[in-house]
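Data first, discussion second: the structure below is written as structure tokens.
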Amino acid sequence: MSLSGLRRPVCLIPKFALCIGRSLTVPICAKRRNVPKIMSVQKFSASVPKPKKETICLYFMDRDGDRITVNAGVGSNLLDVAIDNDIELEGACEGTLACSTCHLIFKPDQYEQIHEKPTDEELDMLDLAFGLSDTSRLGCQVIVTKEMDGWEIEVPSGVADARG
């Protein structure tokens, strides 16, 4: 058997050993491993991949009267959907029920189909909203459901910030 067929070990010197001094440097020998290329390119993550959300189609009527078609993830709130799709809806308090800038107007039949009814806190904020109607809701409080597919939602022509 010839020596040319044997693999030579690769000697590595730890970086910290070079800083301490030559008397303490001891080479560490390690064998080279053949790692398949697919393994070296693959990305690993400790987190579990998020399942893709089911989406529905919604139509926002903006302040200029333009109809904007958006895909909305079921389980999201309408404020987040509007912001993600560049709809002009402010949401100044970021959904904490401290303003009325995410005020939206629904058609009467659609308003009745919204699962969660407005809380007293939401109704108090809506009292301060610009262009209030009987079918007004705050977008931060309305959660998208499958039944909302195809709904047309109106963004009021003005904004009143209840924070003053």
Side-chain angles (χ1 to χ4, degrees), residues 10 12 14-16 19 30 32-164:
V10 177
L12 304 172
K15 289 182 181 180
F16 71 89
C19 298
R32 291 185 188 185
R33 296 188 313 180
N34 287 332
V35 179
K37 285 194 178 245
I38 196 164
M39 293 289 289
S40 61
V41 178
Q42 187 176 7
K43 295 181 180 178
F44 295 96
S45 174
S47 62
V48 177
K50 294 180 181 176
K52 292 186 179 180
K53 281 188 173 182
E54 183 177 351
T55 60
I56 62 165
C57 182
L58 290 176
Y59 304 98
F60 282 90
M61 296 298 294
D62 71 3
R63 292 184 171 105
D64 300 326
D66 297 327
R67 185 178 189 195
I68 302 168
T69 305
V70 301
N71 287 323
V74 174
S76 302
N77 67 53
L78 289 176
L79 173 60
D80 290 340
V81 170
I83 290 171
D84 291 344
N85 290 281
D86 297 323
I87 306 293
E88 194 176 335
L89 195 65
E90 189 174 338
C93 73
E94 299 177 356
T96 60
L97 272 175
C99 73
S100 59
T101 59
C102 65
H103 170 219
L104 296 170
I105 301 172
F106 295 86
K107 293 182 178 177
D109 59 323
Q110 295 170 345
Y111 180 85
E112 294 301 322
Q113 293 177 37
I114 298 173
H115 292 293
E116 302 87 21
K117 298 303 174 200
T119 62
D120 290 338
E121 292 85 6
E122 181 180 357
L123 293 172
D124 290 344
M125 284 296 112
L126 280 169
D127 286 340
L128 304 171
F130 179 84
L132 184 65
S133 77
D134 290 339
T135 60
S136 291
R137 289 291 304 266
L138 296 180
C140 65
Q141 300 301 304
V142 179
I143 305 300
V144 176
T145 62
K146 292 178 190 179
E147 296 79 23
M148 292 180 178
D149 193 27
W151 282 19
E152 190 174 278
I153 303 165
E154 182 184 342
V155 178
S157 59
V159 173
D161 191 346
R163 297 176 305 159

Can you find a pair of side-chain heavy atoms, one from [X] and one from [Y], that are under 4.5 Å apart?
| X | Y | answer |
| --- | --- | --- |
| W151 | L78 | no |
| T101 | C93 | no |
| L126 | S100 | no |
| E122 | L97 | yes |
| F60 | L104 | yes |

Approximate separation, where rounding is to 0.5 Å, of [X] [atom1] and [Y] [atom2]:
| X | Y | atom1 | atom2 | answer |
| --- | --- | --- | --- | --- |
| D62 | L89 | CG | CG | 11.0 Å |
| I143 | M148 | CD1 | CE | 8.5 Å |
| I87 | C102 | CD1 | SG | 14.0 Å |

Work out which heavy atom in [X] is nearest to a heavy atom in [Y]; give both atom names and the distance.
| X | Y | result |
| --- | --- | --- |
| G131 | S136 | O-OG, 4.4 Å |
| D149 | C57 | OD1-N, 2.8 Å |
| R137 | V142 | CB-CG2, 3.7 Å |
| C99 | A92 | SG-N, 3.9 Å |

Side chain to side chain donor-acceptor pair (under 3.5 Å) involving E154 - partner list, sequence neighbours excluded: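 Result, side chain to side chain donor-acceptor pair (under 3.5 Å) vs E154: none returned.
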
Could you tell me which residues satisfy side chain to side chain donor-acceptor pair (under 3.5 Å) with T119, sequence neighbours excluded, listed by chain and number?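 T119 satisfies side chain to side chain donor-acceptor pair (under 3.5 Å) with E121 only.
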
Pairs flagged by salt bridge (charged side-chain N to carboxylate O under 4.0 Å, His left out) wherever residues 126-136 is involved - sequence neighbours left out: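 Applying salt bridge (charged side-chain N to carboxylate O under 4.0 Å, His left out) to every pair that reaches into residues 126-136, excluding sequence neighbours, yields nothing.
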
Determine yes or no for a side-chain-to-main-chain donor-acceptor pair under 3.5 angstrom, with R63 supplying the side chain and E88 the backbone.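 Checking the backbone N and O of E88 against the side chain of R63, a donor-acceptor pair under 3.5 Å is found.
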
Is the backbone of F130 close enough, under 3.5 Å, to the side chain of H103 for a donor and an acceptor to pair up by distance?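 Confirmed, H103 side chain pairs with F130 backbone.
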
Please report, to 0.1 Å, the donor-acceptor pairs under 3.5 Å made by any side chain of residues 79-86, with sequence neighbours excluded.
from, atom 1, to, atom 2, distance (Å)
D80, OD2, N77, ND2, 3.3
N85, ND2, V81, O, 2.8

According to the side-chain hydrogen bond (donor to acceptor under 3.5 Å, both in side chains) rule, which pairs have a member within residues 64-74, sequence neighbours left out?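 side-chain hydrogen bond (donor to acceptor under 3.5 Å, both in side chains) check on residues 64-74 returns R67-E152.
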
The criterion is side-chain contact (heavy atoms from CB on, under 4.5 Å); which residues satisfy it with E54, sequence neighbours excluded?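 Expected list: V74, K146.
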
Would you be so kind as to tabulate the donor-acceptor pairs closer than 3.5 Å made by side chains of residues 108-115, with sequence neighbours excluded?
from, atom 1, to, atom 2, distance (Å)
Q113, NE2, D109, O, 3.4
H115, NE2, E147, OE1, 3.2

